[in-house]
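Numbered from 1 within each chain, the chains take letters A, B, ... in sequence-line order.
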2 protein chains.
Amino acid sequence: MNDMMDQEIKGRAASKNLAHTPGQCPMDPLLRAVSGRWTLYILWLLRSEGPQRFGALKTQIPGISAKMLTERLRGLEAAGLITREVVPTIPPQVTYAMSCRGAELHRALDGLHQVAEKWQGEGWTLEAGATE
Amino acid sequence: MNDMMDQEIKGRAASKNLAHTPGQCPMDPLLRAVSGRWTLYILWLLRSEGPQRFGALKTQIPGISAKMLTERLRGLEAAGLITREVVPTIPPQVTYAMSCRGAELHRALDGLHQVAEKWQGEGWTLEAGATE
DNA sequence: TTCCTTAGTTACCAAAAGGTACCCACTTAC
DNA sequence: GTAAGTGGGTACCTTTTGGTAACTAAGGAA
């Protein structure tokens with residue numbers, strides 16, 4: 001039965017049923033790429049502010065360390081969601097931007113942002129401990 | 001100057017500029033609530049499959065342990081994104097569902113899912129190490 | 001009588017995440 | 001002569017995360 005369903009689902013993928021034979025849900029790799037601690041935040045900055053240099057990102061993400069930022073950026077680059085452009089001047093100059101693939105997340109990011117603004121307006125916050 | 005901007009921004013929040021005096025970006029609390037390891041996955045299951053019992057969730061999320069699942073569910077509940085309904089029969093029966101607030105994420109989740117399906121169709125995957 | 005069920009909780013332990021400090025390169029400014 | 005500035009890399013050390021195993025409760029089945 002599962003074999004038959006797999007065939008069927010390929011085309012319509014999860015319109016009502018799961019499209020994931022465990023580990024095959026299309027959401028899995030995407031969420032895996034995006035669920036890191038600051039990852040979505042970085043993507044959102046690049047989406048809303050345009051290409052940014054390393055230092056600018058670090059400034060705009062309050063609590064992050066250089067090590068973390070580097071790590072996340074490397075991860076996003078490896079996932080193909082952002083690009084890294086180096087101008088090898090003497091103080092180096094490295095700019096990050098959404099890649100073409102990353103740009104396909106714009107709608108989803110905007111959707112999140114819209115909700116975020118609404119909830120902020122409603123005074124919604126996490127009392128410490130949620131998901132922490 | 002920052003004080004004045006704070007006043008201005010409250011109403012229009014990040015239409016083009018950042019609305020985040022560091023730590024005040026509306027995206028921050030939302031992303032914080034949602035960026036845990038399995039969190040978005042759980043939300044997506046509840047969105048696409050409807051209310052689910054603990055055991056059903058555990059089955060559908062391949063590598064997760066009971067401890068992790070409990071922890072994430074508690075976090076989402078604390079954040080007000082899901083509800084927890086207990087029927088205190090002798091083998092207990094606990095059902096989780098999106099809360100009203102959580103339901104506001106539907107559009108964003110659907111957006112992510114749409115992208116996820118597209119990328120799956122294109123054969124996109126993370127070669128190990130990305131964001132890990 | 002003993003086991004199985006569900007949805008956890010707790011204690012214990014290993015592994016990973018993440019912070020801090022220190023290093024580099026080269027040019028300019030003091 | 002030396003400090004600053006950019007975008008990191010590396011080592012060291014602590015904190016957090018997450019897995020595993022054992023325990024719980026009330027009743028029904030074997």
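Distance CE (M68(B)) to P (dT17(D)): 10 Å, rounded to an integer number of Å. Between K58(B) atom NZ and dT9(C) atom C1' there is a gap of 15 Å when expressed in whole angstrom units. Taking atom NZ on K67(B) and atom P on dC23(D), their separation rounds to 18 Å, with Å as the unit. Between E77(B) atom CD and dA7(C) atom P there is a gap of 15 Å when expressed in whole angstrom units. The CH2 atom of W38(B) sits 16 Å away from the P atom of dT17(D) (whole-angstrom rounding). Per the geometry, CG belonging to L69(B) stands 10 Å off C1' belonging to dG8(C), to the nearest Å. Counting to the nearest Å, the P atom of dG8(C) and the CD atom of E85(B) are 13 Å from each other. In this structure, E71(B) atom CD and dA7(C) atom P are separated by 18 Å, rounded to whole Å.
Computed from C1' positions of five pairs at each end, the angle between the two local axes of the helix from dT1(C)-dA30(D) to dC30(C)-dG1(D) equals 30°, rounded to 10 degrees.
Under the rule for a side chain to side chain donor-acceptor pair (under 3.5 Å), E77(B) has no partner lying at least two apart in sequence or in another chain. A search for ring-ring contact (aromatic ring centres under 6.0 Å, His included) contacts involving W38(A) returns nothing, not counting sequence neighbours.
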Going by atom type alone, with no hydrogens or angles, which donor-acceptor pairs under 3.5 Å involve a side-chain atom of residues 80-87 of chain B and a protein atom two or more places apart or on another chain?
residue: T83(B); atom: OG1; partner: A97(B); partner atom: O; Å: 3.4
residue: R84(B); atom: NE; partner: Y96(B); partner atom: OH; Å: 3.1

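At dG19(C), one or more side-chain N or O atoms of S65(A) fall inside 4.0 Å of OP1 or OP2 (strictly under the cut-off). Proximity of R37(B) to the phosphate of dG19(D): no side-chain N or O atom is located under 4.0 Å from OP1 or OP2.
Around CD of Q93(B), the count of heavy atoms belonging to other residues, nucleotides or ligands within 6.0 Å exceeds 12.
Between Y41(A) and C25(B), some side-chain heavy-atom pair lies under the 4.5 Å cut-off. Using a 4.5 Å cut-off on side-chain heavy atoms (C-beta onward), L57(A) and L46(A) make contact. Counting heavy atoms from C-beta outward, T59(B) and I64(B) have side chains that stay 4.5 Å or more apart. Side-chain contact check for L105(A) versus L30(A): some heavy-atom pair is nearer than 4.5 Å.
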I'd like a table of atom pairs between the protein and nucleotides 1-8 of chain D - only N or O on both sides, under 3.5 Å - with the distance next to each one.
residue: dT6(D); atom: O3'; partner: R53(A); partner atom: NH2; Å: 2.9
residue: dT6(D); atom: O3'; partner: P92(A); partner atom: O; Å: 3.0
residue: dG7(D); atom: OP1; partner: R53(A); partner atom: NE; Å: 2.9
residue: dG7(D); atom: OP1; partner: R53(A); partner atom: NH2; Å: 2.9
residue: dG7(D); atom: OP1; partner: V94(A); partner atom: N; Å: 3.2
residue: dG7(D); atom: OP2; partner: G55(A); partner atom: N; Å: 3.0
residue: dG8(D); atom: OP1; partner: R74(A); partner atom: NH2; Å: 3.1
residue: dG8(D); atom: OP1; partner: R84(A); partner atom: NE; Å: 3.4
residue: dG8(D); atom: OP1; partner: R84(A); partner atom: NH2; Å: 2.4
residue: dG8(D); atom: OP2; partner: Y96(A); partner atom: OH; Å: 2.5
residue: dG8(D); atom: O3'; partner: R74(A); partner atom: NH2; Å: 3.3

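Applying the side-chain hydrogen bond (donor to acceptor under 3.5 Å, both in side chains) test to pairs two or more places apart or on separate chains, those with a residue in residues 101-112 of chain A are R47(A)-D110(A), R101(A)-E122(B), E104(A)-K118(B), E104(A)-W119(B).
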